[in-house]
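Contents: one structure, followed by commentary.
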Amino acid sequence: AHTTKGKGVSFMESTAFGEDETLYKFHSGAPSEDNYAKALAELVSQLGDLNIQLEQREALPKYTTSQPQKLVAAYGDELKKIGDAHKEVVVLDADLMLDTGLIPFKDAHPERFIECGIAEQDMVSSAGGLALSGKLPIVHSFACFLSTRPNEQIYNNATEQTKIIYVGSLAGVLPAGPGHSHQSVRDISILGSIPGLTLVSPATEQEARLALRWAVEQNTGSTYIRLESLPIDLPFTLPDSDQLKTGVGQKVHDGTDVAVVAYGPTLLKQAYLAAAALAQQHISVAVYNFPWLNT
């Protein structure tokens with residue numbers, strides 16, 4: 001389909017990248033307050049005499065952090081380094097290079113970066129062909145799209161017993177701004193049934209780097225790396241390590257009465273805070289980080 005993104009808003013409309021543009025800035029993310037006001041004014045002015053009545057709501061407080069963990073940014077930096085050392089790596093994107101951390105790799109290795117557009121099924125099928133030809137494809141999109149739309153193609157790739165790394169960002173329900181269509185709540189269940197596909201969900205920047213290294217250099221099969229995109233402050237640190245051990249987690253809070261196992265920064269943070277709160281009630285809770293979702 002030939003579409004005009006941002007149709008009806010002059011500064012958002014785009015059919016092709018301009019000379020100085022490397023991506024379409026209004027495909028992802030949210031407009032600034034100033035851009036939102038200008039866009040709304042343009043759209044209302046085009047409605048003529050329809051007498052549209054607008055309702056107003058007070059904006060929710062903005063989420064603020066002090067020293068946030070940014071998993072996608074750390075992953076993107078590590079991906080560029082891996083691309084430097086592993087010439088067999090080919091990266092595929094579904095028009096989300098900014099949100100999936102791919103710009104460093106694209107800038108360093110443009111000949112091994114393939115922009116597939118908003119077509120996840122074709123992208124995963126292409127990855128299958130590349131894997132059969134001896135390449136190591138790393139495939140990216142939002143988790144809600146990557147896990148569902150090309151699920152059959154992911155299964156087909158698995159039956160060929162090739163090695164492919166799938167990376168789904170914006171996993172889970174937070175941040176909630178993009179709406180329910182972009183909230184990935186099924187990816188673990190539907191990808192966990194794919195034969196030979198290991199699911200891993202890192203909780204920190206370092207663990208995101210290690211997960212990618214493990215997928216490229218240690219795992220002989222395929223991997224799904226589940227990345228949460230919300231920058232988040234963590235009340236704990238993970239033990240220093242230079243590699244992940246398959247099926248092994250880490251204790252982040254001592255306890256003797258109850259054990260809570262969690263994964264990813266959001267759930268792990270809440271488990272840690274709950275353990276701290278329960279300690280005030282003399283309930284001792286151990287909390288473990290376990291990034292392995294189906295191992």
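Values reported hereafter were calculated over all heavy atoms of this structure, with side chains retained and with hydrogens, waters and symmetry mates removed.
Each ring pair (Phe, Tyr, Trp, His ring centres under 6.0 Å) pair with one or both residues in residues 106-136, not counting sequence neighbours, appears once here: Phe105-His109. Listed by first then second residue, pairs satisfying side-chain hydrogen bond (donor to acceptor under 3.5 Å, both in side chains) with a partner in residues 123-138 number zero, not counting sequence neighbours. Residue pairs satisfying the salt bridge (charged side-chain N to carboxylate O under 4.0 Å, His left out) criterion with at least one member in residues 198-207, sequence neighbours excluded, are absent. Annotation: ring pair (Phe, Tyr, Trp, His ring centres under 6.0 Å) contacts involving residues 183-215, sequence neighbours excluded, comprise Trp214-Trp292. The stretch residues 146-164 participates, sequence neighbours left out, in these salt bridge (charged side-chain N to carboxylate O under 4.0 Å, His left out) pairs: Glu120-Arg149. Residues in residues 279-295 take part in no salt bridge (charged side-chain N to carboxylate O under 4.0 Å, His left out) pair, two or more places apart or across chains. Within the structure, side-chain hydrogen bond (donor to acceptor under 3.5 Å, both in side chains) contacts touching residues 167-186 (residues at least two apart or in different chains) are Ser184-Asp187.
For Asp93, there are no salt bridge (charged side-chain N to carboxylate O under 4.0 Å, His left out) partners at least two apart in sequence or on another chain. Residues passing the salt bridge (charged side-chain N to carboxylate O under 4.0 Å, His left out) test with Lys251, sequence neighbours excluded: Asp254. A search for salt bridge (charged side-chain N to carboxylate O under 4.0 Å, His left out) contacts involving Lys7 returns nothing, not counting sequence neighbours.
The shortest side-chain heavy-atom distance between Arg226 and Val200 does not fall under the 4.5 Å cut-off. Side-chain contact check for Leu170 versus Pro175: some heavy-atom pair is nearer than 4.5 Å. Looking at heavy atoms from C-beta onward, Val124 lies in side-chain contact with Leu146 at the 4.5 angstrom threshold. Side-chain atoms of Ile232 and Thr65, non-hydrogen and from C-beta on, never get closer than 4.5 Å to each other. You'll find the side chain of Val139 stays beyond 4.5 Å of the side chain of Ile165, heavy atoms only. For the pair Val44/Leu54, a side-chain contact is recorded, criterion being any heavy-atom separation below 4.5 Å from C-beta on. With contacts defined as side-chain heavy-atom distances shorter than 4.5 Å, the pair His253/Phe236 does not qualify. Contact annotation: the side chain of Glu42 approaches that of Ser10 to within less than 4.5 Å [non-hydrogen atoms, C-beta and beyond].
Lys87 places a side-chain N or O within donor-acceptor distance of the main-chain N or O of Asp84, the cut-off being under 3.5 Å. Judged by distance alone, the side chain of Ser241 and the main-chain N or O of Gln243 form a donor-acceptor pair under 3.5 Å. Between the side chain of Asp95 and the backbone N or O of Gly117 there is no donor-acceptor pair closer than 3.5 Å. Using a distance-only test at 3.5 Å, with no hydrogens or angles considered, no donor-acceptor pair links the side chain of Asn289 to the main chain of Gln250. Put simply, the side chain of Arg112 gets close to the backbone of Gly83: a donor and an acceptor are under 3.5 Å apart. Checked by atom type and distance alone, the side chain of Asp107 never pairs as donor or acceptor with a backbone atom of Pro110 at under 3.5 Å. Side chain of Asn35 to backbone of Pro31: no donor-acceptor contact under 3.5 angstrom is found.
Asn51 and Gln53 form a side-chain donor-acceptor contact under 3.5 Å, judged by distance and modelled atom types alone.
Around atom CD of Glu217, more than 12 heavy atoms belonging to other residues, nucleotides or ligands sit under 6.0 Å away. Surrounding CD of Gln46 are more than 12 heavy atoms belonging to other residues, nucleotides or ligands, all under 6.0 Å away. Other residues, nucleotides and ligands contribute at most 12 non-hydrogen atoms within 6.0 Å of the CD atom of Glu55. In the displayed structure, Tyr155 atom OH is contacted under 6.0 Å by at most 12 heavy atoms of other residues, nucleotides or ligands. Tyr36 OH: 12 or fewer foreign heavy atoms inside a 6.0 Å radius.
Here the closest heavy-atom approach between residue Ala203 and residue Leu71 is recorded as O-CD1, 4.0 Å. For the pair Glu88 and Gly134, the tightest heavy-atom approach, listed with the atom from each and the gap, is CB-O, 4.3 Å. When every heavy atom of Leu197 is checked against every heavy atom of Tyr166, the shortest pair comes out as CD1-CD1, 3.9 Å. Taking each heavy atom of Ile188 and Leu199 in turn, the nearest pair found is O-CD2, 3.6 Å. Closest heavy-atom contact between Leu227 and Ala208: CD2-CB, 4.3 Å. The minimum heavy-atom distance linking Val9 with Ala39 is given by the pair CG1-CB, 3.8 Å.
Between atom OG1 of residue Thr162 and atom CG of residue Asn157 there is a gap of 5.0 Å, rounded to the nearest 0.5 Å. The CG atom of Leu210 sits 5.0 Å away from the CG atom of Leu244 when rounded to the nearest 0.5 Å. Of the inter-residue distances, the one linking Leu191 atom CG with Asn151 atom CG reads 6.0 Å to the nearest 0.5 angstrom. Atom OG1 of Thr100 and atom CG of Leu92 lie 11.0 Å apart (nearest 0.5 Å). With rounding to the nearest 0.5 angstrom, the CG atom of Leu212 is 5.0 Å from the CD1 atom of Ile225. Rounding to the nearest 0.5 angstrom, the gap separating the CD atom in Gln121 from the CD1 atom in Ile154 is 10.0 Å.
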Less than 3.5 Å apart, which donor and acceptor atoms pair up between the side chains of residues 72-79 and the rest of the protein, not counting sequence neighbours?
| residue | atom | partner | partner atom | Å |
| --- | --- | --- | --- | --- |
| Tyr75 | OH | His140 | NE2 | 2.6 |
| Asp77 | OD2 | Lys81 | NZ | 3.4 |
| Asp77 | OD2 | Arg209 | NH1 | 2.8 |
| Asp77 | OD2 | Arg209 | NH2 | 3.1 |
| Glu78 | OE1 | Arg209 | NH1 | 2.8 |
| Glu78 | OE2 | Arg213 | NE | 2.7 |
| Glu78 | OE2 | Arg213 | NH2 | 3.2 |

Ignoring hydrogens and angles, write down the donor-acceptor pairs under 3.5 Å from the side chains of residues 261-277, residues two or more places apart or on other chains.
| residue | atom | partner | partner atom | Å |
| --- | --- | --- | --- | --- |
| Thr266 | OG1 | Glu228 | OE1 | 2.6 |
| Lys269 | NZ | Asp233 | O | 3.1 |

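Taken together through direct or relayed side-chain contacts under 4.5 Å among Ile, Leu, Val, Met, Phe, Trp and Tyr, Met123 and Leu96 form parts of separate hydrophobic clusters.
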Practice problem: Could you walk me through whether Val285 and Asp257 pass the side-chain contact (heavy atoms from CB on, under 4.5 Å) test, one step at a time? | Solution: CA-CA 6 Å; Val285 178; Asp257 297 327; 6.0 Å; no
Exercise. Any chance you could lay out the side-chain contact (heavy atoms from CB on, under 4.5 Å) test for Ile138 and Val90, step after step, and finish with the verdict?
Key: CA-CA 6 Å; Ile138 306 183; Val90 180; over 6 Å; no
